[in-house]
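Naming convention: chains lettered A, B, ... in sequence-line order (proteins, then strands); numbering from 1 in each chain. Remember, predicted model here, so these are calculated numbers, not experimental data. Values reported hereafter were calculated over all heavy atoms of this structure, with side chains retained and with hydrogens, waters and symmetry mates removed.
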Number of protein chains: 2
Amino acid sequence: MTRPTLKAIAKRVGVSVATVSRALSGRGRVDEATRERILRVAEELGYAPDMAARSLVLRRTENIGFLIHALQSLSPHTFYGEILTAVERELRRHRYHLHFATVEDETLPPLIKENRVDGLILVGCDLPPSLIHSLKERRIPLVLLDNHLPGIDSVFTDNIGGAFQATTHLIRLGHRRIAFIAETLDNLSFRERFEGYRQALEAHSLPFDPELVAEGERGFEGGFLAMSSLLKRTRPTAVVAANDPTAASAMRAIRAHGLRIPEDIAVVGFDDDPLAVHTDPPLTTMRVFRSKMAVLAVARLLDLIKNPEQPALHIRVETQLIIRQSCGSPLT
Amino acid sequence: MTRPTLKAIAKRVGVSVATVSRALSGRGRVDEATRERILRVAEELGYAPDMAARSLVLRRTENIGFLIHALQSLSPHTFYGEILTAVERELRRHRYHLHFATVEDETLPPLIKENRVDGLILVGCDLPPSLIHSLKERRIPLVLLDNHLPGIDSVFTDNIGGAFQATTHLIRLGHRRIAFIAETLDNLSFRERFEGYRQALEAHSLPFDPELVAEGERGFEGGFLAMSSLLKRTRPTAVVAANDPTAASAMRAIRAHGLRIPEDIAVVGFDDDPLAVHTDPPLTTMRVFRSKMAVLAVARLLDLIKNPEQPALHIRVETQLIIRQSCGSPLT
DNA sequence: ATAAGATGAGTAATCGTTTACACCAATTCC
DNA sequence: GGAATTGGTGTAAACGATTACTCATCTTAT
């Protein structure tokens, strides 16, 4: 009735637990006939090793912690949701398990001190660097995903390059007054996208006008607020949004001002969020390769667990322009 | 340099490990002065009990498994994403941890047999019942979330009541030819919403017309396909969508047919997904209380872990009509 | 025929906690 | 003043797996 143990199998087969352990793990010699008997009985009883006992002696749990900032999880969920499932899928392929945890401040989550995980994937750029560094000091293998910091392994989006490409797309369509909006610039990814926007202007010898930049606030109304305040003071012909929810929300503000998309204002987003196909018109945006990044982060982390003393690697993943209808055709 | 253990504290303070354990757990008598010394040293060393050792002797892990169907996670992510973070937050409040796992078929995920969790929250109605029953047979405490099955504890949305209310809202606005669309009816929640739609028609003595029902396919184009095929054969004045992504996608199809929302066709969705405010016009929908359900499911599960022999409870949570602009004003 | 080597399996220590039990000293009771 | 109680602590046995050692037994080579 109770869970089967090595001992139960041993008694049943008439050997010692050591032999059973050897037979099941494949390490050490066991007579072929007894190995088969052991395997059969184990199968019959539905045996699986108790993880607590196993971790205790092996000093590893085969669990990976997936850490994300609690605020992050509230709004842009499709983004991190896809990353989460991709990470889980990849971990499972390697027979690892995923511990999901959120952090709100700089205190180490208990799963670390209690040895519940062998390594960490730290997701997003809202995790406090002080926390990241104190984790690093504990010498827990870790990889940053969609974030980067000197000295710490990371897999992240090429935000600068992506925003450069998005802005360049608008410039090629003939736009000269191109705005940039974000929910907030209090976020590394968004600041990098802003930087890419500025570099594109510069590369095409367009002046940077601070009037054309607006922040809103975090959450689903952010883009609406930013765009509304921007339209009150100036009139761009195109706008680069820091992400797709911001773009979608800005589109409502544009229409609320009686303007058409893309005829009056062209809009380009960032992320290729699932909602991008639902906006009216469907949103031109930069695709971010979420599951690819997840796979890379898992691979890197498992390597780091096997082989801890390595120089940090920083893996930057390029984005891809997805053209839909929110930017229209070239201006004349 | 290595993780501090009870033994390390014991040596430092000059007592036995048993005394340290007693002092830290608060069970059993310890002299007040030595207790304080132990607490101080433990704090100093940053001690936290090793979970593997602890689980081994206590026979519990303080981990809860969050199980979801792998397909589910791909598209309607905001929905389950919010549930996930709400469940994690609530578990953390109770000093429990969340193990995230997806299943693709009917094979038991390894975390069960390996004793990695004390209980399970099974999310969504796409998990195969055969799997659910085989988990139940292993006598692992479990609660279904956003799903229900006889004999198994559950916390779920009042889909029938919600769809009834949504449909009634349209009827009150004067609509008589009301369509129902879903990505698929191969899903309990959607079938229940369909049932609520039919009950509302019946309650208001409106005929049910199978012509007015259409399925699309799973994924982001589902609503578009369903609505397009429906519009090819008939012309409703309103449509109830099985969820918000379906509604948003149907709105594109309606516009693609040169029809206006809500003037030509009114649309009501279900879930109050974050995208509902981004559609044009913003979507009238039924709000589903995701974090409330998460809190209830966690509470129920922890109670079931403490006290396993209880009759199954089925907790149905009502929805709320959120009126935006996709249904317009009463028809004349 | 004997030494050396290979093979198979058992014994026991270990991982870090928890806790039943035993023990001694100090206090309280009659 | 001896018995009974209480308080504080240590000893040691679990929990379930892994693995270094040890020890037979059998094979093979010289």
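Across the protein-nucleic acid pair, B:Y47 atom OH and C:dG16 atom P stand 10 Å apart, rounded to whole Å. Rounded to whole Å, the distance from CG on B:D50 to P on C:dT14 is 17 Å. In this structure, B:L58 places its CG atom 7 Å from C1' of C:dT17, rounding to the nearest Å. Atom pair A:L6:CG and C:dG10:C1' shows a separation of 15 Å (rounding to whole Å applied). One can place CZ of A:R116 at 17 Å from P of C:dG16, the figure rounded to the nearest angstrom. We find that NZ of B:K11 is positioned 12 Å from P of C:dG16, with the value rounded to whole Å. Atom C1' of nucleotide C:dT17 and atom NZ of B:K7 are separated by 12 Å, given to the nearest angstrom. Here C:dT17 presents its C1' atom at 13 Å from CD of B:E62, a figure rounded to the nearest Å.
Two residues, B:G14 and B:L56, neighbour DNA chain D, and the one matched to the more 5' nucleotide by heavy-atom proximity is B:G14. Nearer the 5' end of DNA chain D, as judged by each residue's closest nucleotide, is the contact made by B:V17, out of B:V17 and A:V17.
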* To do: Evaluate side chain to side chain contact (heavy atoms under 4.5 Å, CB included) for A:L122 paired with A:L67, printing each intermediate quantity in order.
  => CA-CA 5 Å; A:L122 306 180; A:L67 232 66; 3.6 Å; yes
Which pairs, protein N/O on one side and nucleotides 23-29 of chain C N/O on the other, fall under 3.5 Å?
none

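Pairs passing the ring-ring contact (aromatic ring centres under 6.0 Å, His included) check and including a residue from residues 106-149 of chain A, sequence neighbours excluded, read A:H148-A:F156. Applying the side-chain hydrogen bond (donor to acceptor under 3.5 Å, both in side chains) test to pairs two or more places apart or on separate chains, those with a residue in residues 32-49 of chain B are B:R12-B:E44.
Of the possible polar contacts, one joining the A:S55 side chain to the A:M51 backbone as a donor-acceptor pair under 3.5 Å is found.
In this structure, a donor-acceptor pair under 3.5 Å is absent between the side chains of B:T5 and B:D50. In the model, B:R116 has a side-chain atom that pairs as donor or acceptor with a side-chain atom of A:H97 under 3.5 Å. With 3.5 Å as the limit, one finds no donor-acceptor pair spanning the side chains of B:N115 and B:T61. Side-chain atoms of B:D105 and B:T107 include a donor-acceptor pair closer than 3.5 Å. A donor-acceptor contact closer than 3.5 angstrom is absent between the side chains of B:R27 and B:S21.
A salt bridge links A:D126 with A:R218; the closest basic N to acidic carboxylate O contact falls under 4.0 Å.
For the pair A:R59 and C:dG16, the criterion of a side-chain N or O lying under 4.0 Å from OP1 or OP2 is met.
With contacts defined as side-chain heavy-atom distances shorter than 4.5 Å, the pair A:L98/A:I64 does not qualify. Looking only at side-chain heavy atoms (C-beta outward), A:N307 and A:Q310 come within less than 4.5 Å of each other. Taking the side chain as every heavy atom from C-beta outward, B:E192 and B:L188 approach each other to under 4.5 Å. Counting heavy atoms from C-beta on, the side chains of B:R60 and B:E62 come closer than 4.5 Å.
Protein chain B touches strand DNA chain D; the 5'-most and 3'-most nucleotides with an atom under 4.0 angstrom of its non-hydrogen atoms are D:dG7 to D:dG16.
A rotation axis mapping the C1' atoms of four pairs onto the next four is fitted at both ends of the helix from C:dA1-D:dT30 to C:dC30-D:dG1 over five pairs, and the angle between these axes is 50° to 10 degrees.
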* How does protein contact run along nucleotides 4-9 of chain C, one letter per nucleotide 5' to 3', with B for base contact, S for sugar-phosphate only, - for none, heavy atoms under 4.0 Å? -> ---SSB
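Within 4.0 Å of A:S21, counting heavy atoms only, lies at least one base atom of the nucleic acid.
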